[in-house]
**Q** 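I'd like to ask you about the structure that follows.
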Amino acid sequence: METERVVELPIANLDRRPRKRQRLGWDVPQVLPLMFYGQEFGDAINVMPSVALSLDIANSTLFSHRPPDVLPRSDSPPWRKDDKDGHYTFAIGDNLTPRYKIHSKMGEGTFGQVLECWDRESKEMVAIKIVRGVKKYREAAMIEIEMLEQLGKHDIGGNRCVQIRNWFDYRNHICIVFEKLGPSLYDFLRKNSYRSFPIDLVREIGRQLLECIAFMHDMRLIHTDLKPENILLVSPDYVKVPDYKLSSRSPKDSSYCKRVPKSSAIKVIDFGSTTYDKQGQSYIVSTRHYRAPEIILGLGWSYPCDIWSVGCILVELCTGEALFQTHENLEHLAMMERVLGTLPAHMLKRVDRHGEKYVRRGKLDWPEGATSRDSLRSVAKLQRLPNLIMQNVDHSAGDLIHLLQGLLKYDPSDRLTARQALKHKFFEGRNRR
């Protein structure tokens with residue numbers, strides 16, 4: 001009989017050597033006699049034919065005196081093969097260890113899945129990130145746990161970063177238990193038909209995001225993957241308000257109104273790509289639409305790459321759409337020039353061997369290097385940053401444009417720091433959290 005051993009560990013016992021980590025198990029009392037009858041509370045073993053005691057008798061004997069929170073083996077889900085990509089296979093209502101019961105699926109990504117589960121011990125709903133059973137994702141999960149531990153020690157009050165409850169290794173999947181929050185900014189935009197956020201809400205979200213990034217940078221940590229998908233509203237509650245951009249429609253038309261979060265409170269998630277600042281880091285980081293020019297050009301990156309991502313996110317919240325919607329490097333750089341002006345010559349002169357193909361005679365190889373007419377049209381339809389903001393923001397447009405121009409400076413050494421940005425005039429006014 002195939003069996004498993006699973007133990008949940010407190011975060012304080014984190015081993016920073018994921019490749020040498022042994023299989024872990026649940027944080028429930030282990031009953032040694034049952035291990036010899038092929039139960040799931042122990043190392044995997046084979047049941048010998050000479051063992052005469054039936055499993056039914058073993059269960060009735062063992063669990064007649066079991067603690068109330070420990071469940072019998074019959075409440076453990078059956079063994080299922082992972083899917084072809086290494087995702088954990090489950091059914092709604094399954095137990096994920098005796099402590100957690102799967103309530104619903106909240107989301108899925110390249111890393112794995114996030115499930116909403118009932119925590120029998122704390123009597124609350126939690127979000128559990130179940131990482132794919134693939135070596136590189138398991139190792140990234142261990143990095144994330146380490147970062148969450150470090151951040152949690154210093155994030156007094158837990159108002160900046162998502163809070164980790166605990167973690168465990170279950171059937172070759174690292175499972176990280178988090179507090180349950182609301183939807184991501186991206187999911188909120190998507191369900192709202194990609195309608196923009198009110199400028200006052202953008203201000204408060206931007207303030208909190210920069211406070212989180214300043215906090216991380218003070219700890220010498222770089223997130224490297226900031227995007228609307230990785231920023232969660234604390235509350236799922238929202239109200240419906242008139243969408244004045246569609247005021248020509250009948251108020252009875254449901255599309256006349258748009259959703260607005262009741263609370264602006266947010267938390268940053270996904271620290272699997274977070275790293276300490278080091279000299280000469282030049283490998284590719286960040287999700288495409290939020291990737292800074294120095295990363296694309298191979299010039300090395302540091303804290304300012306997070307600041308560029310924040311600038312892109314703020315524009316997206318104001319317009320409802322990603323600023324640079326592309327999947328190709330040269331087109332991406334051309335879009336930057338269309339929105340922000342010409343790339344500095346001194347940066348183009350320093351490109352590495354991967355970036356030199358985008359440069360010709362000291363300038364960006366555009367439009368000559370375009371791969372298609374569609375690519376040319378995608379760049380040509382973009383507007384300059386001031387025009388883009390003024391078309392979508394009813395007040396404070398001037399202050400926001402000035403802030404964005406500081407966040408989206410090409411040269412990372414000229415870009416605002418998170419602390420400098422927080423002092424910008426755009427953030428003056430009362431906090432509406």
Side-chain angles (χ1 to χ4, degrees), residues 6-27 86 88 96-97 99-100 109-115 126-181 209 211-227 229-232 267-281 283-287 301-303 305-306 309 418:
V6 193
V7 171
E8 191 172 291
L9 294 182
I11 301 171
N13 293 336
L14 177 64
D15 182 347
R16 299 187 182 183
R17 300 169 295 171
R19 298 186 184 185
K20 298 181 180 179
R21 184 178 304 280
Q22 63 181 8
R23 184 63 58 81
L24 312 171
W26 293 329
D27 59 343
Y88 178 70
L96 189 70
T97 80
R99 178 171 176 176
Y100 304 102
T110 56
F111 61 86
Q113 303 165 99
V114 178
L115 306 182
V126 294
I128 302 185
K129 182 176 182 177
I130 305 183
V131 178
R132 286 164 63 185
V134 177
K135 182 180 178 181
K136 68 176 181 178
Y137 294 108
R138 286 174 56 86
E139 292 181 350
M142 298 313 300
I143 292 172
E144 180 169 19
I145 291 168
E146 178 181 355
M147 294 303 171
L148 286 164
E149 181 194 27
Q150 294 300 318
L151 292 167
K153 288 179 180 177
H154 299 89
D155 187 10
I156 307 301
N159 294 322
R160 301 180 179 95
C161 308
V162 64
Q163 297 295 293
I164 181 174
R165 297 283 194 253
N166 48 39
W167 70 276
F168 53 91
D169 191 343
Y170 183 69
R171 299 182 177 182
N172 196 41
H173 294 272
I174 301 297
C175 301
I176 310 177
V177 185
F178 295 100
E179 61 179 324
K180 185 176 179 293
L181 301 173
L209 182 55
E211 285 173 349
C212 178
I213 299 310
F215 163 70
M216 292 186 66
H217 290 182
D218 287 346
M219 294 179 62
R220 297 187 60 249
L221 291 172
I222 310 170
H223 188 286
T224 78
D225 196 20
L226 292 171
K227 54 185 177 180
E229 292 90 331
N230 287 340
I231 305 166
L232 268 54
K267 289 191 179 184
V268 175
I269 67 167
D270 198 348
F271 300 90
S273 301
T274 299
T275 182
Y276 288 99
D277 180 44
K278 301 174 185 175
Q279 291 293 326
Q281 297 184 115
Y283 56 92
I284 300 297
V285 293
S286 304
T287 298
W301 50 266
S302 185
Y303 304 110
C305 75
D306 281 345
S309 299

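Just so you know, residue 1 is the first one in the sequence shown, and it goes up from there.
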**Q** What residues, two or more places apart in sequence or in another chain, satisfy ring pair (Phe, Tyr, Trp, His ring centres under 6.0 Å) together with F178?
**A**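 Once residues adjacent in sequence are excluded, F178 has no partner under the ring pair (Phe, Tyr, Trp, His ring centres under 6.0 Å) criterion.
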
**Q** Any chance the rings of Y100 and F168 have centres within less than 6.0 Å?
**A** yes

**Q** To the nearest 0.5 Å, tell me how far Q113 CD sits from K129 NZ.
**A** 12.5 Å

**Q** Please enumerate all residues that pass side-chain hydrogen bond (donor to acceptor under 3.5 Å, both in side chains) together with H173, with sequence neighbours excluded.
**A** D82

**Q** Do Y170 and I128 make a side-chain contact, defined as non-hydrogen atoms from C-beta onward lying under 4.5 Å apart?
**A**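 Y170 does not reach I128 side chain to side chain.
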
**Q** Contact between I174 and E144 at the side-chain level, heavy atoms closer than 4.5 Å - yes or no?
**A** no

**Q** Distance from I213 atom CD1 to I222 atom CD1, nearest 0.5 Å?
**A**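 Atom-to-atom, I213:CD1 and I222:CD1 are 10.5 Å apart.
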
**Q** Is the closest side-chain heavy-atom distance between Y276 and M219 below 4.5 Å?
**A** no

**Q** Identify the heavy atoms of T275 and M147 that sit nearest to each other, and give their distance.
**A**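 Reported closest heavy-atom pair: CA-CE, 4.2 Å.
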
**Q** Among residues at least two apart in sequence or on other chains, which ones pass side-chain hydrogen bond (donor to acceptor under 3.5 Å, both in side chains) with Y88?
**A**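 side-chain hydrogen bond (donor to acceptor under 3.5 Å, both in side chains) check on Y88 returns nothing, list empty.
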
**Q** Is there a side-chain contact between N172 and R138, using heavy atoms and a 4.5 Å cut-off?
**A** yes

**Q** Just to verify, what does D270 make a side-chain hydrogen bond (donor to acceptor under 3.5 Å, both in side chains) with, not counting sequence neighbours?
**A** none

**Q** Between E149 and I164, is any pair of side-chain heavy atoms under 4.5 Å apart?
**A** no

**Q** Which atom pair, heavy atoms only, marks the closest approach of Y303 to R220?
**A**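 For Y303 versus R220, the nearest heavy atoms are OH-CA, 3.2 Å.
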
**Q** Could you measure the distance from the CG atom of L181 to the CD atom of Q163? Nearest 0.5 Å is fine.
**A**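 It comes to 9.0 Å.
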
**Q** First locate atom CG of D225, then atom CD1 of I269, and finally report the distance between them rounded to the nearest 0.5 Å.
**A**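 It comes to 10.0 Å.
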
**Q** Once rounded to the nearest 0.5 Å, what's the spacing between atom OG of S302 and atom CD of Q279?
**A** 7.5 Å

**Q** Only counting residues at least two apart or in another chain, list the ones meeting ring pair (Phe, Tyr, Trp, His ring centres under 6.0 Å) with F111.
**A** none

**Q** Determine the minimum heavy-atom distance between G272 and I143, stating which atoms define it.
**A** O-CG2, 4.1 Å

**Q** Could you list the residues that satisfy side-chain hydrogen bond (donor to acceptor under 3.5 Å, both in side chains) with E179, not counting sequence neighbours?
**A** K267

**Q** Would you indicate whether the side-chain heavy atoms of I231 and L209 approach each other to under 4.5 Å?
**A** yes

**Q** Quick one: closest heavy-atom pair of A141 and I176, and the distance?
**A** O-CD1, 4.1 Å

**Q** Given side chains that start at C-beta, do those of V162 and L148 come closer than 4.5 Å, heavy atoms only?
**A** yes

**Q** Quick one: are W301 and S286 in side-chain contact, heavy atoms under 4.5 Å?
**A**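 With C-beta onward as the side chain, the pair stays apart.
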
